[in-house]
There are 2 protein chains.
Amino acid sequence: VRQLTKATHQQTRAYNQQLVLKTIYDHAPTSRADVARMTGLTRTSVSQLVDESLAAGLVEEVGRGRSSGGKAPILLRVDPDAREIIGLDVGERTFVGALVDLRGHVKQRLELPFTRPSAEEAVELIHRLVTHLRRSAERPILGIGVGTPGLVDTRSGTVHWAVNLDWQELPLGPLLEKRHGLPVSIANDSHAAALAEFMFGSPRKADSMVVIKVGQGVGAGIVLEGRLYQGDGSAAGEIGHVGAADRTLPCRCGSVGCLETVASVRAMLERAAGLARSEPASLLHDPAGALSPAAVADAADRGDETARAVIDEGGRALGAAIAGVMSALDVRRFVLVGTAVGFGERWLAAVRAELTCRALRRLAATTDVQLGRSSQDIVAVGASALLMTRELGLSLAR
Amino acid sequence: VRQLTKATHQQTRAYNQQLVLKTIYDHAPTSRADVARMTGLTRTSVSQLVDESLAAGLVEEVGRGRSSGGKAPILLRVDPDAREIIGLDVGERTFVGALVDLRGHVKQRLELPFTRPSAEEAVELIHRLVTHLRRSAERPILGIGVGTPGLVDTRSGTVHWAVNLDWQELPLGPLLEKRHGLPVSIANDSHAAALAEFMFGSPRKADSMVVIKVGQGVGAGIVLEGRLYQGDGSAAGEIGHVGAADRTLPCRCGSVGCLETVASVRAMLERAAGLARSEPASLLHDPAGALSPAAVADAADRGDETARAVIDEGGRALGAAIAGVMSALDVRRFVLVGTAVGFGERWLAAVRAELTCRALRRLAATTDVQLGRSSQDIVAVGASALLMTRELGLSLAR
């Protein structure tokens with residue numbers, strides 16, 4: 001059981017420092033007086049804390065606001081260009097590295113495709129990405145954020161298991177810290193995506209939301225009451241290997257009938273390709289083995305029953321899994337991200353329909369499921385958001 | 001998004017007051033010096049805070065400990081009899097009221113069986129229970145805790161929907177507060193059971209655990225990082241209406257194939273009774289419609305294949321649902337409570353077996369599923385624990 005400790009003066013001060021920075025971040029442009037009002041801190045405390053942030057270059061003065069009688073107040077904001085973060089998406093098909101500013105904008109990006117590197121080669125590729133991005137950075141680097149598939153212990157920075165990269169018990173965080181001398185945060189890719197969506201995604205924010213990432217695999221990232229929730233072993237949201245109904249296909253995890261064997265993009269495209277071969281009348285064609293979600297969605301739009309069946313089946317299996325997550329957590333906001341978003345509105349409708357009949361109707365009816373922004377950099381941006389959060393306290397995530 | 005506010009001196013003081021009380025509660029018998037060491041507070045602060053708790057009668061001095069050189073220190077504990085809480089279990093078949101001490105011991109209990117009272121009659125029954133228990137209390141009453149099936153908003157004390165009691169949007173908390181002039185906490189019965197198990201159940205505590213209550217319905221109570229987690233609308237853990245595989249039985253919620261139609265005690269006993277009628281060779285007999293989980297478990301022990309099939313099927317459906325909850329939350333400790341515990345070790349084995357093949361093996365293998373204590377008062381005790389927690393801060397639950 002976690003040991004409680006007293007609230008000390010230093011903790012209070014550090015807390016208030018992050019509180020002021022976060023308040024300016026969330027409400028910019030804003031004045032010292034407004035920050036004092038919103039936080040309940042005295043004007044003197046706010047001025048001291050703001051001065052420190054000005055000296056560190058994190059906050060800047062951006063003109064004067066409207067006067068409410070006296071002198072017009074100086075307005076403040078967090079300078080988005082004060083720092084850059086190196087965000088990495090260690091994907092299953094490519095490695096993406098990005099320089100990300102404090103508002104989640106990608107300033108530069110690098111993409112390295114690869115063909116199943118060894119565990120050591122994969123680590124070397126990451127070092128090269130970091131070195132290259134660091135050289136081209138135009139601002140001080142705050143640190144490195146990494147999103148990777150698989151089971152990750154965020155606290156120790158260890159990748160327990162990433163099947164496609166052949167990583168087992170790899171201390172990636174400590175390795176990067178040692179080589180580059182920068183703070184490092186590592187998270188599962190779905191967790192990173194959830195943080196990106198929570199901090200930079202939808203304009204209307206909810207306290208709690210679940211982001212479901214559907215690509216080569218299926219995983220969820222969970223934000224509860226403003227914090228990224230990662231679970232006892234940082235494996236929260238590993239729903240890709242929950243059993244899907246009526247299925248017996250073998251899964252790469254060694255089990256059978258997992259959700260990923262029905263609802264992942266990989267599974268859906270394999271099924272579409274198989275049906276395209278066996279049904280000559282289908283509008284689906286896969287001469288080069290390069291069917292995409294958009295191509296399947298397009299065939300479905302043009303009335304192709306085969307394409308519709310593929311989309312509906314994958315969407316329904318995902319909807320059933322979401323019903324389970326929604327029922328367990330009572331979170332009413334879900335955002336779908338990843339390459340599966342290319343399956344479009346029909347897929348979303350299938351997810352919603354199955355959710356409605358697989359959970360208590362009263363709850364399902366008030367659950368909002370949306371397609372997220374389809375940025376291919378969501379994991380890199382989210383990984384940088386985690387680092388930003390830890391170093392500056394810009395969100396409540398840990 | 002929740003508004004952050006500053007950490008004030010008063011908040012720090014209130015926090016430290018609860019911290020001292022909780023530290024004494026968790027480590028009794030203990031001394032002022034040990035409390036200072038464990039909390040990091042100064043001895044002077046601890047002495048002041050302890051004096052207040054002594055004056056309130058919450059803490060008592062219980063002799064002297066071993067000397068480590070100087071004078072032997074005075075030992076402290078929270079007096080379990082300092083207060084009593086009225087804990088109510090508004091069940092689907094009986095109403096139970098109990099006077100509970102600060103250690104979760106039931107000092108007195110009252111049970112009222114009923115046959116489907118009207119919504120108003122049910123509320124009157126509760127008032128009668130409270131009035132009666134209050135009269136017979138021998139200690140100051142701290143407040144009233146209520147556990148009820150259905151959808152409950154803990155914050156406002158409203159029961160949104162309790163199908164068996166015909167309650168809809170009932171402001172039960174305010175009604176009880178107004179009539180009895182005492183603080184009231186209301187929670188879903190599975191949430192209350194989880195808090196009882198977390199605070200008073202297993203000796204080895206985990207930070208996070210999920211309690212699955214299987215009786216007339218199926219529901220989960222979730223403790224995350226030492227806090228009762230209730231979700232956006234206090235409906236976390238409503239897993240009874242998640243779809244169970246391959247099933248099409250109608251559910252009382254209006255849907256079909258819900259987990260409750262396969263895995264609840266009601267469903268399992270109905271199935272057992274049906275099979276007992278159709279299979280004359282079965283050891284199961286149900287002449288009076290009063291088959292119990294223990295009777296089915298007994299028949300299974302004696303080799304009856306029908307009884308075994310009933311237990312295995314219900315257990316497997318539950319195991320699949322638990323796999324979903326475990327995968328979403330990455331909580332590795334599950335405790336099963338409720339009348340289904342009477343199905344015994346064979347049922348537990350079926351749950352564990354299905355969990356193992358319905359989730360990532362690496363996670364399932366380190367997940368601990370146990371039968372909880374089978375006290376029939378677990379909901380009343382848990383509801384009182386919630387009240388105790390809110391009024392005194394004895395756990396981190398909110």
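In what follows, every chain begins at residue 1, and chains take the letters A, B, ... in the order their sequences are listed. Please read these numbers as outputs of a predicted model, since none were measured by experiment.
Both the backbone and the side chain of B:Leu360 have a heavy atom closer than 4.5 Å to some heavy atom of chain A. Proximity to chain A involves both the backbone and the side chain of B:Ala235, based on heavy atoms less than 4.5 angstrom apart. Contact annotation for A:Ser234: only backbone heavy atoms (N, CA, C, O) come within less than 4.5 Å of a heavy atom of chain B. At a 4.5 Å heavy-atom cutoff, the contact between B:Cys253 and chain A is made by side-chain atoms alone. Contacts of B:Thr366 with chain A are absent, with no heavy-atom separation under 4.5 Å from either backbone or side chain.
Taking CZ of B:Arg227 as the start and CG of A:Leu224 as the end, the distance is 12.5 Å to the nearest 0.5 Å.
You'll find the side chain of A:Val242 stays beyond 4.5 Å of the side chain of B:Arg358, heavy atoms only. Using a 4.5 Å heavy-atom threshold, the side chains of B:Leu329 and A:Tyr229 count as touching. The side-chain heavy atoms of B:Val325 and A:Val325, taken from C-beta on, include no pair separated by under 4.5 Å.
Counting all heavy atoms, side chain and backbone alike, B:Cys357 lies closest to A:Ser255 at O-OG, 3.7 Å. The heavy-atom pair separating A:Gln230 from B:Asp330 by the smallest distance is O-OD2, 3.9 Å. The nearest pair of heavy atoms linking B:Val331 to A:Asp232 is CA-OD2, 3.7 Å.
Remark: B:Ala317 pairs with B:Leu259, B:Val262, B:Ala263 by the side chain to side chain contact (heavy atoms under 4.5 Å, CB included) rule, at least two apart or across chains. Scanning for salt bridge (Lys or Arg N to Asp or Glu O under 4.0 Å) contacts around B:Arg352 gives an empty result, with sequence neighbours left out.
Counting heavy-atom pairs closer than 4.5 Å to chain B, the top residue among A:Gly231, A:Ala323, A:Ser327 is A:Ser327. Ranked by heavy-atom pairs under 4.5 Å with chain B, the first of A:Ile239, A:Ile222, A:Leu151, A:Val210 is A:Leu151. Of the listed residues B:Ala359, B:Gly233, B:Gly254, the one with more heavy-atom pairs under 4.5 angstrom with chain A than any other is B:Gly233. In terms of non-hydrogen atom pairs under 4.5 Å with chain A, the most contact-rich of B:Arg362, B:His160, B:Met326 is B:Arg362.
One finds no salt bridge joining B:Glu238 and A:Arg361 here, because no Lys/Arg side-chain nitrogen approaches an Asp/Glu carboxylate oxygen to under 4.0 Å.
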